[in-house]
Amino acid sequence: MVDISTSDIRRIDPTSMMVFLALMRHRKGTMAAEELGLTQPAISHALKRMRGVYKDPLFLRRSHGMEPTALARELEPKIREVVDTLAQTLTPAAAFDPSDVTGELRLGAFDFELATILPALVSRLRRSAPKVSIYGFQLVSEQALEALLNGRIDMAVVYFEHTLGDHPSLICEPIYSEKYVAVARKDNSLFNKPFDLDDFARADHLLVSPSGSKRNMIDHALQLEGLSRTVRTVVPSLFSALAVLEQTDLVASLPERVAIQHAKRFGLAFRELPIKGGQFQLHAITHKRDSNSAMHQWMAEQVKETSLANEAK
């Protein structure tokens, strides 16, 4: 196997390749210089570099012009292919047609957002972009940001309470606001009458926590009021929580969209929380590396439109 010298590759710049092709066409340095808008010395220097790399004269001076060597004729189609490929990168992309695009959207979000956004998003893309594959990854905020930075996902839809000052390569855009509501079985005694903050705090609670933590923003809000709650059960995901609520007298604080879309099928009801501090903002976060990709821009727009459409329902 022939070793490839990286220093030689660096010496074969696009100008040298274009000079080579122009000499193959015209067989005269003056005509090649005129076509490329270069000086005659520039043509000579480019040819000298090519000769040094390939260790071949490439062109022999004859009375009628410059005659290519056998190696030059062998190299011509290969070098032309390289130049054509470079030229394609500078050609404006064709109009983006989602119905014909083939690709994938990798979306990272927590269980709540996947359960509310993903069904409508898949339905939308099955109609408008049937060749696109969608991958959902259950990730909490920090995990989603790390996956986005590492290129494992294309977009994160997360609740993020801090700034992205440490991640200048990420683009953050708010897409919708959400609030927690109290969710329990329809016949739960808590819902038999209007309940106040003390009633809510005294109930036995269920918490959704992928990390196993027994506290979230609801506990912080209660603490500000001098109250606390008893968490009897902690589960890692949304649907395990809904299944437990269906068969127990526990109460959970879940995002309102989750309650609207899934309470009925599990025989649950939901009420406004008697406390402030249960609201949060969801953001769509993308990476700057995808900012010039028509497909990624279109995909991001679909996620945002789907989220807003759900909010309007």
Side-chain angles (χ1 to χ4, degrees), residues 98-99 101-161 164 167 170-178 180 183 207-213 216 235-244 252 254-263 265-266 280-291 293-313:
S99 65
V101 68
T102 300
E104 60 185 40
L105 171 65
R106 299 167 300 168
L107 181 66
F110 184 46
D111 203 16
F112 294 158
E113 284 69 57
L114 289 178
T116 53
I117 294 175
L118 209 56
L121 179 63
V122 172
S123 177
R124 174 186 286 248
L125 294 189
R126 289 303 301 157
R127 297 190 300 270
S128 59
K131 298 179 184 178
V132 170
S133 299
I134 303 174
Y135 296 84
F137 295 86
Q138 183 173 320
L139 302 168
V140 294
S141 298
E142 293 293 345
Q143 294 173 332
L145 294 185
E146 182 181 356
L148 191 57
L149 288 167
N150 294 336
R152 293 192 289 117
I153 61 175
D154 304 301
M155 174 182 282
V157 177
V158 294
Y159 159 67
F160 195 71
E161 59 183 342
L164 293 176
H167 306 297
L170 299 182
I171 302 170
C172 180
E173 182 177 352
I175 50 175
Y176 66 88
S177 59
E178 181 62 284
Y180 281 107
V183 182
L207 177 65
V208 180
S209 173
S211 66
S213 171
N216 65 8
V235 294
S237 64
L238 167 65
F239 285 101
S240 57
L242 295 173
V244 171
L254 301 178
E256 186 177 36
R257 291 186 183 206
V258 169
I260 291 173
Q261 293 187 25
H262 300 288
R265 71 187 64 180
F266 285 90
F280 55 99
Q281 180 73 46
L282 271 294
H283 298 83
I285 304 179
T286 54
H287 199 285
K288 287 182 178 178
R289 63 173 167 260
D290 299 323
S291 59
S293 166
M295 186 184 81
H296 281 87
Q297 290 177 353
W298 184 83
M299 292 292 188
E301 194 62 32
Q302 300 310 298
V303 172
K304 288 182 283 188
E305 288 182 5
T306 299
S307 301
L308 293 174
N310 281 346
E311 187 176 33
K313 291 182 180 180

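Note that this is a predicted model, so its numbers are computed, not measured.
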Show, in sequence, the C-alpha distance, side-chain angles and deciding distance for L105 and V303, and conclude whether the side-chain contact (heavy atoms from CB on, under 4.5 Å) test is met.
CA-CA 10 Å; L105 171 65; V303 172; 4.2 Å; yes
Heavy-atom check, side chain of [X] versus side chain of [Y], under 4.5 Å:
X    : Y    : result
H287 : L170 : yes
I134 : L118 : yes
L242 : L254 : yes
W298 : V101 : no
Y176 : E113 : yes

Holding to side chain to side chain contact (heavy atoms under 4.5 Å, CB included), I want the full list of residues that pass it with Q297, two or more places apart in sequence or in another chain.
none
Between [X] and [Y], which heavy-atom pair has the shortest distance, and what is it?
X    : Y    : value
I175 : A284 : CG2-CB, 3.7 Å
A144 : A156 : CB-CB, 3.7 Å
L107 : V157 : CD1-CG2, 3.7 Å
I171 : S291 : CD1-CB, 4.5 Å
R124 : E305 : NH1-OE1, 2.9 Å
E173 : K304 : OE1-NZ, 2.9 Å

Please report the interatomic distance [atom1]([X]) to [atom2]([Y]), rounded to the nearest 0.5 Å.
X    : Y    : atom1 : atom2 : value
E104 : I153 : CD    : CD1   : 12.5 Å
L148 : R289 : CG    : CZ    : 6.0 Å
F110 : Q143 : CZ    : CD    : 10.0 Å
L139 : L145 : CG    : CG    : 10.0 Å
S133 : L125 : OG    : CG    : 10.5 Å
M155 : H296 : CE    : NE2   : 9.0 Å

N/O donor-acceptor pair under 3.5 Å between [X] side chain and [Y] backbone:
X    : Y    : value
S123 : P119 : no
S293 : D290 : no
E178 : R257 : yes

Does the side-chain contact (heavy atoms from CB on, under 4.5 Å) test come out yes or no for H167 and L149, once each step is laid out?
CA-CA 8 Å; H167 306 297; L149 288 167; 3.4 Å; yes
Evaluate the side-chain contact (heavy atoms from CB on, under 4.5 Å) criterion for residues M299 and D154: first the C-alpha distance (whole Å), next the side-chain angles of each, then the deciding distance (0.1 Å), finally the verdict.
CA-CA 9 Å; M299 292 292 188; D154 304 301; over 6 Å; no
Applying side-chain contact (heavy atoms from CB on, under 4.5 Å) to F239 and H262, what does each step give before you reach the verdict?
CA-CA 9 Å; F239 285 101; H262 300 288; 3.9 Å; yes
Which class fits the ring pair F280 and Y159: parallel under 30°, tilted 30 to 60°, perpendicular over 60°?
perpendicular
Take a 6.0 Å sphere around CZ of R126 and say whether it holds more than 12 heavy atoms from other residues, nucleotides or ligands.
no
